[in-house]
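Just so it is clear, the structure is predicted and the values come from calculations on it, not from any experiment.
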Amino acid sequence: MLVAMTYTAAVSGATGYAGGEVLRLLCGHPEIEIATVTAHSSAGRRLGELQPHLHELAEREVVETTAENLAGHDVVVLALPHGQSAAVAEQLAPGTVVVDAAADHRLESTRAWETFYGSGHAGSWPYGLPELIVDPSGSRQRERLPGATRIAVPGCYPTGSLLALAPALAAGLVEPRDIVVVAASGTSGAGKSAKPHLLGAETMGGMSPYGVGGGHRHTPEIEQGLRWAGGQDVTLSFTPTLAPMPRGILTTATAVLRPGVDAARARQAYEDAYGDEPFVHVLPEGQWPSTKSVQGSNHAALQLAVDPHAGRLVVTSVIDNLTKGTAGGAVQSLNIALGLPETTGLTGQGVAP
């Protein structure tokens, strides 16, 4: 008789939105035991004061985020601000499975990291988006995750953008130039720290762009994934917008169609790409995705159309930025690294209304 193995986990940044979402998912994971929760300014407080929705962890004490407190666990999830994960990860044992939810280890290019983040580059880890097509032959990123002890979780905008466009580039449906992505995110994507422009009075009833003109930090990450998928450099215009909702990302991605590509061929490419995926769904023709349909879940929903007037492919995707866009992607990749079924702890459906 096989006995299930339980892995111990420590979660840093446990009082933030990303760390709290990781804890929510791990509370329902049958193979992982949450042993330690850490943070910085809130160390010494009860977790229930700061994450009141995590009832079974309410009496846990939040301890300081140090390498010593994170050591000795099978799994460590780092949900720290960008630029802070690398120094902590360097002090953890090589055999520990470390999952970084920040950007520190996502980019292969030192130049791109230094340009967009302004600090020294810590190097790249295996990318935690299992469904991502990483070359024109159709290989997936999941093939690079079994046995990994270091995993870089994608950004939330890149998750929605790459799922929307990678099949088109891999199948040669679109040109790698003049790719345009416009995405609307809920306010939780900006983190939990108090910011005046994120007050309810500032965000309710309105939308606003930011990072306009190629300045958003997720731009090189999206370009990197699309380059993997299509096997050549891409030209991307990415514009994020802030939407008056707590969770969710709606991404609209367009690209120039190659000659001879029609709607039937485009749809077939996407159905071939995602037909067997447990968490990525191409919706029936005529049904367009809504962020509400994936709220609280690790699912992504997509729809596509060919715009014959503009000669462009249009793909819309929706994800929950905190789940599929962060914590769900982390747990999904962690499952693969540990040799567990990919869907373990992630079988929940969306929440409605």
Side-chain angles (χ1 to χ4, degrees), residues 9-13 16 18-19 22 38 40 65-71 73-135 139-159 161-162 166 215-234 236 238 325-327 329-338:
V11 177
S12 71
V22 170
T38 82
H40 180 53
T65 297
T66 64
E68 291 75 20
N69 286 333
L70 296 173
H73 300 84
D74 300 308
V75 172
V76 173
V77 180
L78 301 175
L80 300 173
H82 301 317
Q84 295 185 17
S85 300
V88 176
E90 287 175 355
Q91 301 176 65
L92 299 176
T96 303
V97 180
V98 183
V99 182
D100 186 7
D104 294 33
H105 301 96
R106 295 173 187 163
L107 297 181
E108 294 180 328
S109 168
T110 296
R111 181 178 180 181
W113 172 268
E114 292 175 348
T115 299
F116 282 84
Y117 291 91
S119 60
H121 185 223
S124 61
W125 291 355
Y127 197 61
L129 184 53
E131 301 93 345
L132 178 62
I133 300 172
V134 290
D135 61 53
S139 297
R140 306 297 169 113
Q141 184 62 22
R142 67 165 47 85
E143 298 165 21
R144 305 176 182 183
L145 293 173
T149 58
R150 298 292 187 269
I151 298 170
V153 179
C156 51
Y157 282 128
T159 296
S161 301
L162 294 174
H216 194 278
R217 289 175 168 181
H218 285 167
T219 299
E221 186 181 343
I222 299 170
E223 290 181 331
Q224 173 179 272
L226 296 180
R227 184 173 65 251
W228 290 341
Q232 53 188 316
D233 289 340
V234 302
L236 170 71
F238 171 57
T326 308
V331 173
Q332 184 181 353
S333 299
L334 176 61
N335 285 337
I336 297 171
L338 294 174

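The shortest non-hydrogen separation linking A18 to A327 is O-CB, 4.3 Å. Closest heavy-atom contact between A79 and S12: N-OG, 3.0 Å. Residue P154 comes nearest to Y127 through the heavy atom pair CB-OH, 3.3 Å, listed as atom of the first residue, atom of the second, then distance. Residues R217 and P220 approach most closely at O-CD, 3.3 Å, considering heavy atoms. Taking all atoms of both residues into account, the shortest heavy-atom contact from L92 to V76 is CD1-CG1, 4.0 Å. Nearest heavy atom pair, residue A89 against residue V98, reads CB-CG1, 4.4 Å.
For H40, the NE2 atom counts as loosely surrounded, since its 6.0 Å shell holds 12 or fewer non-hydrogen atoms of other residues, nucleotides or ligands.
No side-chain heavy atom of V77 sits under 4.5 Å from any side-chain heavy atom of V331. Looking at Q84 and T65, their side chains never come closer than 4.5 Å, going by heavy atoms from C-beta outward. Residues I133 and R140 meet the side-chain proximity criterion, which asks for heavy atoms closer than 4.5 Å.
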From CA spacing to verdict: ring-ring contact (aromatic ring centres under 6.0 Å, His included), H216, Y157:
CA-CA 10 Å; H216 194 278; Y157 282 128; 5.4 Å; yes
List the steps, then state whether side-chain contact (heavy atoms from CB on, under 4.5 Å) holds for V134 with E143.
CA-CA 10 Å; V134 290; E143 298 165 21; over 6 Å; no
Please evaluate residues S109 and H121 with respect to the criterion side-chain contact (heavy atoms from CB on, under 4.5 Å), reporting the C-alpha separation (whole Å), side-chain torsions for both, the decisive distance (0.1 Å), and the verdict.
CA-CA 8 Å; S109 168; H121 185 223; over 6 Å; no
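The closest donor-acceptor contact from the side chain of R150 to the backbone of T96 lies under 3.5 Å. Under the 3.5 Å distance criterion, the side-chain polar atoms of H105 are left unmatched by any main-chain donor or acceptor of W125. Using modelled atom types, no side-chain atom of S119 and backbone atom of E114 make a donor-acceptor pair closer than 3.5 Å.
Contacts of V153 classified as side chain to side chain contact (heavy atoms under 4.5 Å, CB included), with partners at least two apart in sequence or in another chain: V99, A330.
A distance of 10.5 Å separates CD in Q141 from CG in D135, rounded to the nearest 0.5 Å. Note: L80 CG to T38 OG1 = 7.0 Å, rounded to the nearest 0.5 Å. Here L236 contributes atom CG and T219 contributes atom OG1; the two are 6.0 Å apart, rounded to the nearest 0.5 Å. The distance from the CD atom of Q224 to the OG atom of S124 is 7.0 Å, given to the nearest 0.5 Å. To the nearest 0.5 angstrom, T159 atom OG1 is 9.5 Å from I222 atom CD1. For the atom pair I151 CD1 and L129 CG, the distance stands at 12.0 Å (nearest 0.5 Å).
The aromatic ring centres of Y117 and H82 sit less than 6.0 Å apart.
Residue pairs meeting the salt bridge (charged side-chain N to carboxylate O under 4.0 Å, His left out) criterion with at least one member in residues 100-113, sequence neighbours excluded: R106-E221. Residues in residues 122-133 take part in these salt bridge (charged side-chain N to carboxylate O under 4.0 Å, His left out) pairs, two or more places apart or across chains: E131-K324.
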